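Structure, as structure tokens:
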Amino acid sequence: MTELSALLQRPKEALDPELAAYLVDSPLGPVIKHPLVFSIPHSPQLNAMANARLRAKQDGCRQALQSRKWSQYLFLHERPYRVNAFTRIAAQMAARTYWTSLAELWIDAENIAENEPLWTTLLQDSSRVGNRHLMMTAPERRHLAQQPALMRVYRGFNSDERQKGMSWSLDAEVARRFAMRFGHGRPRVAAGTVEKSAVIAYLSGRGEHEIVVVPAAVRDQHVTDAHRKQRSNKLGG
């Protein structure tokens, strides 16, 4: 019998109170969205498994903190909570670790807008910003340095409130794919310009030629239907 089977066949177990505090209704039915444990959908038959996962992750977090394995600590958390976990250990990090860890979290994140004020604070921390170039690899820094002073950038979105954001691309086709990926809403592509001096980082880790920037820094925007392919303006390289 596997460990999973054993957990599922245990007599019904009460849900840990810490998990119970994160048990909510959703269109999928009851779900748990705890910082360390997601159970979607959730039923009482899954209580034992959820409890076991919570205990294992809590132990893992304690061990990671004791051994200063910061990446391990962060990635024990569920994706939406990782940037919050980062704030609890940031003060203990050396400059390079701070910025490389933040880059790792950014690349992994699925919804920057959900925590945009927090991201903005971390990326513009006056005590850290002097070493912000460390968020990029050496090839990324060279690529950014080769860009013109005024760069053309693109952002895909499918609802009006998503037009403004911190994540843009030098590649119009990448933005178009992002606009179309969910297959609903009104997929559009915003194009604008940003001064290179305002760019927080250029990240190529996902092949998206991503430009990280405060939304207000992107100017002269115009919007087109994402169903119509665009040619990337060479202004952005």
Side-chain angles (χ1 to χ4, degrees), residues 79-80 82-83 86 98-124 129 131-237:
R79 182 177 279 117
R82 287 171 188 164
V83 69
F86 180 89
Y98 179 97
W99 288 110
T100 56
S101 296
L102 206 54
E104 191 176 20
L105 292 184
W106 180 280
I107 291 169
D108 177 71
E110 289 291 335
N111 190 359
I112 295 296
E114 187 175 0
N115 289 299
E116 188 172 299
L118 178 54
W119 280 108
T120 301
T121 298
L122 294 170
L123 291 167
Q124 296 187 319
V129 75
N131 292 302
R132 194 165 63 188
H133 63 282
L134 296 173
M135 188 174 180
M136 298 177 278
T137 63
E140 288 168 342
R141 292 196 293 271
R142 286 195 295 270
H143 187 84
L144 180 60
Q146 292 166 2
Q147 301 306 306
L150 189 64
M151 303 165 59
R152 178 78 66 190
V153 292
Y154 305 87
R155 177 175 171 82
F157 63 101
N158 62 5
S159 60
D160 291 343
E161 65 271 16
R162 296 289 188 177
Q163 180 176 343
K164 295 181 179 179
M166 301 183 73
S167 179
W168 294 70
S169 177
L170 293 176
D171 189 332
E173 181 59 23
V174 168
R176 194 180 78 87
R177 290 200 304 269
F178 266 85
M180 305 276 287
R181 65 177 175 165
F182 295 120
H184 60 76
R186 291 180 56 212
R188 286 158 286 168
V189 173
T193 57
V194 61
E195 294 182 8
K196 181 166 63 176
S197 60
V199 171
I200 293 171
Y202 164 74
L203 302 174
S204 61
R206 292 184 294 196
E208 295 168 0
H209 303 288
E210 184 175 11
I211 293 294
V212 181
V213 65
V214 173
V218 182
R219 300 179 179 178
D220 303 321
Q221 292 187 38
H222 68 272
V223 175
T224 58
D225 189 325
H227 293 92
R228 187 178 70 194
K229 286 194 176 184
Q230 302 183 45
R231 180 181 299 176
S232 291
N233 190 313
K234 293 303 181 183
L235 185 65

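Computed from a predicted structure; not experimentally measured. One-based numbering along the sequence shown.
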Exercise. Are any side-chain N or O atoms of Arg188 and backbone N or O atoms of Arg186, one a donor and one an acceptor, separated by less than 3.5 Å?
Worked result: yes
Seminar exercise, completed: Note: Met151 and Ile211 closest approach over all heavy atoms is CE-CD1, 3.6 Å
Exercise. When you look at CD of Glu195, are more than 12 heavy atoms from neighbouring residues, nucleotides or ligands closer to it than 6.0 Å?
Worked result: no
Exercise. Do the side chains of Val218 and Trp168 get nearer than 4.5 Å, heavy atoms only?
Worked result: yes
Problem set entry | Closest contact, heavy atoms only, Pro187 versus Ala179 | CB-O, 3.3 Å
Exercise. Can we say Asp220 and Arg152 salt-bridge, meaning some charged N sits less than 4.0 Å from an Asp/Glu carboxylate O?
Worked result: no
Problem set entry | From CE (Met166) to CG (Leu123), nearest 0.5 Å | 5.0 Å
Exercise. Do Arg155 and Lys164 come within less than 4.5 Å of each other through their side chains, counting heavy atoms only?
Worked result: no
Seminar exercise, completed: Interatomic distance, OG@Ser204 vs CD1@Ile107, rounded to 0.5 Å, equals 7.5 Å
Exercise. What do the steps show when you test Gln147 against Leu170 for side chain to side chain contact (heavy atoms under 4.5 Å, CB included), and what is the final call?
Worked result: CA-CA 10 Å; Gln147 301 306 306; Leu170 293 176; 4.1 Å; yes
For this session: Please work out whether the ring planes of Tyr202 and His143 are parallel, tilted or perpendicular, with thresholds of 30° and 60°.
Result: parallel
Problem set entry | Spacing of CG belonging to Leu118 relative to CD1 belonging to Ile112, to within rounding of 0.5 Å | 10.0 Å
For this session: Any chance you could lay out the side chain to side chain contact (heavy atoms under 4.5 Å, CB included) test for Val213 and Val153, step after step, and finish with the verdict?
Result: CA-CA 10 Å; Val213 65; Val153 292; 6.0 Å; no
Seminar exercise, completed: Here the gap from His209 atom NE2 to Leu203 atom CG, rounded to the nearest 0.5 Å, amounts to 12.0 Å
Seminar exercise, completed: In terms of heavy-atom contacts, Lys196 and Ala145 come closest through NZ-O, 3.0 Å
Exercise. Is there side-chain contact between Gln163 and Gln221, with heavy atoms separated by less than 4.5 Å?
Worked result: yes
Exercise. After noting the C-alpha distance and the side-chain angles of Val212 and Trp106, does the key distance pass the side chain to side chain contact (heavy atoms under 4.5 Å, CB included) rule?
Worked result: CA-CA 10 Å; Val212 181; Trp106 180 280; 3.7 Å; yes
Exercise. At what distance, to the nearest 0.5 angstrom, does CZ of Arg132 lie from CG of Leu102?
Worked result: 10.5 Å
Exercise. For the atom pair CZ (Arg219) and CG (Leu150), what is the distance rounded to the nearest 0.5 Å?
Worked result: 10.0 Å
Problem set entry | Nearest heavy atoms of Val174 and Gly207, plus distance in Å | CG2-O, 4.3 Å
For this session: Return the minimal non-hydrogen interatomic distance between Asp171 and Glu173, and the atom names on each side.
Result: OD1-N, 2.8 Å
Exercise. Can a donor-acceptor pair be found between the side chains of Ser169 and Glu208 at a distance below 3.5 Å?
Worked result: no
Problem set entry | Minimum heavy-atom distance Tyr154-Ala175, with the two atoms named | CB-CB, 3.6 Å
Exercise. Side chain of Arg176, backbone of Gly156: donor and acceptor closer than 3.5 Å?
Worked result: no
Problem set entry | The single option from Tyr98, Trp99, Trp119 passing ring pair (Phe, Tyr, Trp, His ring centres under 6.0 Å) against Phe86 | Tyr98
For this session: Taking Arg141 for its side chain and Met136 for its backbone only, find out whether a donor-acceptor pair lies under 3.5 Å.
Result: yes
For this session: Could you check Arg162 against Phe178 for side chain to side chain contact (heavy atoms under 4.5 Å, CB included), going step by step and ending with a plain yes or no?
Result: CA-CA 11 Å; Arg162 296 289 188 177; Phe178 266 85; over 6 Å; no
